[in-house]
Amino acid sequence: MNLHEYQAKALLRDAAVAVPEGRVIRAIEDVAPALEALGDGPWVMKVQVHAGGRGKAGGVRRVKSIDEARAFADGWLGRRLVTIQTGAAGLPVDVLYIEPATAIARELYLSLIIDRATSKVTFIASDAGGMDIEEVAETTPGRIHALSVHPAAGLMPYHARKLAFALGLSGDAAKAFGPMLKGLYEVFTRKDASMLEINPLAVTEAGELIALDCKFVLDSSAGYRQPAIMAMRDEAQEDPREREAGKHSLNYVTLDGDIACMVNGAGLAMATMDLIQLEGGTPANFLDVGGGATAERVAEAFKLILSDSKVRAILINIFGGIVRCDLIAEGILQAVREVDLRLPLVVRLEGTNAEQGRAMLAHSGLAIIAETDLTRAAQAAVRAAQGDI
């Protein structure tokens with residue numbers, strides 16, 4: 001689960017990490033009180049969406065007067081911001097954030113992630129922060145530095161010294177770097193983050209170190225023990241189908257293709273999507289109904305799939321290990337009748353009670369294409385999406 005920048009900065013502020021003072025703007029009427037509270041300009045205004053690339057898309061602007069600030073607010077509130085990370089539909093802009101402009105001497109990059117290869121919290125740092133950090137990682141990877149923290153020992157002073165040297169910090173900025181790293185590490189570990197990114201981490205002309213932007217991603221599996229953070233959730237920034245899927249314990253991700261997939265198990269779902277691609281098709285979604293899928297859950301999954309107008313064919317691929325294929329077949333038939341399905345449907349059942357499940361589908365009287373081989377099932381789905389079946 002993502003937080004907005006202003007929410008993430010509140011977490012940093014509580015951990016004594018230096019961030020600029022800011023104000024939230026939800027309506028034009030909020031602009032004047034915000035500027036009065038922040039003092040003399042110039043200021044920087046930013047749209048608040050769960051995506052990067054805001055600056056390049058016009059969602060960040062330096063303003064020098066109340067008229068400029070009002071114009072920016074009027075131009076964005078209630079609109080949608082499209083960036084390289086949002087897709088063509090963009091994301092709704094319901095909140096703006098305004099801060100005093102900072103006199104920046106250098107822009108750095110700093111983030112914390114979980115390195116799955118080492119199972120450790122890892123700092124990623126670069127002396128080339130800012131909007132083009134992705135290009136830096138691609139063209140000059142030597143400027144990207146990684147440093148892992150052993151979970152038993154925790155953050156040590158030498159971690160800060162090593163990263164400060166790699167970033168070329170000196171003087172007051174180098175002295176402030178250690179306490180800042182400590183605060184970031186505490187936020188990351190105590191708040192169950194899966195990623196915490198500061199870009200840019202600014203060295204000011206006065207030699208101070210300030211987190212000018214912050215992206216915080218909560219590990220949703222730990223949401224039950226972070227109720228305060230879960231309360232910050234902005235559902236308007238989420239895909240409606242993905243949000244609805246979560247209510248039924250379904251793992252769903254919207255994609256750009258036209259062949260909907262329903263699979264039990266994340267690994268099998270990835271393999272199914274790969275086969276669709278291999279056969280010349282494009283998956284419309286990732287949908288894992290789980291190892292313990294029920295007829296009711298399958299029916300809800302169907303409703304999610306059919307809410308996507310791009311879908312032209314459906315491929316169901318179930319391997320009955322824990323789950324019984326006859327129960328899945330029952331759910332498929334229930335859902336097909338309930339929603340009056342008119343799209344081509346390809347079903348591949350294998351595993352526990354697969355023969356019974358296939359027999360139920362065959363004798364249903366419904367136009368269902370049953371396959372036992374996954375490759376043939378993917379080929380049939382691709383042909384159906386292309387109108388060849």
Side-chain angles (χ1 to χ4, degrees), residues 1-22 48 50-52 97 107-127 129 133-134 137 144-167 169 173-203 208-234 237-238 246 251 266:
M1 188 194 85
N2 294 303
L3 293 186
H4 285 299
E5 173 192 355
Y6 74 92
Q7 296 167 326
K9 282 183 172 176
L11 298 181
L12 298 191
R13 192 176 290 111
D14 290 343
V17 175
V19 296
E21 185 66 25
Q48 298 294 286
H50 290 171
Y97 193 53
E107 289 188 347
L108 311 174
Y109 175 89
L110 183 64
S111 67
L112 292 88
I113 60 170
I114 300 292
D115 184 348
R116 295 181 181 233
T118 61
S119 299
K120 296 177 181 178
V121 175
T122 300
F123 284 93
I124 307 294
S126 176
D127 63 349
I133 186 63
E134 291 86 357
I144 306 293
H145 309 278
L147 185 64
S148 295
V149 178
H150 195 284
L155 188 69
M156 304 295 287
Y158 80 87
H159 290 123
R161 291 194 296 269
K162 189 170 183 177
L163 281 181
F165 178 79
L167 295 176
L169 294 176
K175 294 177 182 177
F177 190 63
M180 174 173 280
L181 241 58
K182 180 181 178 182
L184 294 175
Y185 185 77
E186 288 181 357
V187 170
F188 186 89
T189 53
R190 294 184 181 181
K191 301 300 182 182
D192 290 307
S194 61
M195 187 183 77
L196 179 60
E197 180 183 71
I198 311 298
N199 186 32
L201 171 62
V203 180
E208 299 174 318
L209 206 58
I210 299 179
L212 289 190
D213 195 2
C214 181
K215 181 177 181 180
F216 179 98
V217 181
L218 173 70
D219 181 347
S220 296
S221 298
Y224 70 95
R225 62 186 185 193
Q226 298 292 346
I229 294 179
M230 291 298 294
M232 301 179 190
R233 181 179 182 182
D234 185 352
Q237 297 289 312
E238 302 173 4
N251 297 305

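Nothing here was measured: the structure is a model prediction, and the numbers come from that model.
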Is the backbone N or O of Glu5 less than 3.5 Å from a side-chain atom of Gln48, with the two atoms forming a donor-acceptor pair by type? yes
Tightest non-hydrogen contact, residues Leu108 and Asn199, listed as O-OD1, 3.9 Å
Could you tell me the separation between the CG atom of Leu3 and the NZ atom of Lys9, rounded to the nearest 0.5 Å? 13.5 Å
Spacing of Asp127 atom CG and Ile144 atom CD1 [to the nearest 0.5 Å]: 8.5 Å
Assess whether side chain to side chain contact (heavy atoms under 4.5 Å, CB included) is satisfied between Phe216 and Val187, documenting all intermediate values. CA-CA 10 Å; Phe216 179 98; Val187 170; 4.1 Å; yes
For Thr189 and Tyr185, the nearest pair of non-hydrogen atoms, with its separation, is OG1-O, 2.8 Å
Could you give the distance from CE (Met230) to CG (Asp192), rounded to the nearest 0.5 Å? 11.5 Å
Minimum-distance pair of heavy atoms, taken over all atoms of Ile198 and Ala211: CG2-CB, 3.6 Å
Nearest 0.5 Å, please: how far is CG in Leu209 from CG in Leu201? 4.5 Å
Minimal heavy-atom distance between Leu196 and Cys214, with the atoms involved, is CD1-SG, 3.6 Å
Identify whether the distance between the nearest side-chain nitrogen and carboxylate oxygen of Glu186 and Lys191 falls below 4.0 Å. no
Could you check Tyr97 against His4 for side chain to side chain contact (heavy atoms under 4.5 Å, CB included), going step by step and ending with a plain yes or no? CA-CA 10 Å; Tyr97 193 53; His4 285 299; over 6 Å; no
Establish, from distance only, whether the side-chain atoms of His50 and Asp234 form a donor-acceptor pair under 3.5 Å. no
Run the side-chain donor-acceptor check on residues 150-165: report pairs under 3.5 Å with partners two or more places apart or on a different chain.
residue, atom, partner, partner atom, Å
His150, ND1, Ala152, N, 3.0
His159, ND1, Met156, N, 2.8
His159, ND1, Met156, O, 3.4

Atom NZ of residue position Lys120 - does it have more than 12 heavy atoms of other residues, nucleotides or ligands inside 6.0 Å? yes
Leu212 vs Pro20 side-chain heavy atoms within contact, under 4.5 Å: yes
Where is the tightest heavy-atom contact between Ala146 and Thr122, given as atom of each residue plus distance? CB-CG2, 4.1 Å
Could you go step by step and tell me if Gln226 and Leu218 meet the side chain to side chain contact (heavy atoms under 4.5 Å, CB included) rule? CA-CA 9 Å; Gln226 298 292 346; Leu218 173 70; 4.1 Å; yes
Can you see which heavy atom on Val19 is nearest to which on Arg13, and at what distance? CG2-NH2, 3.4 Å
Rounded distance (nearest 0.5 Å) linking atom CG of Leu167 with atom CZ of Phe177: 5.0 Å
Gap between atom CE of Met195 and atom CD1 of Ile114 - 0.5 Å precision: 12.0 Å
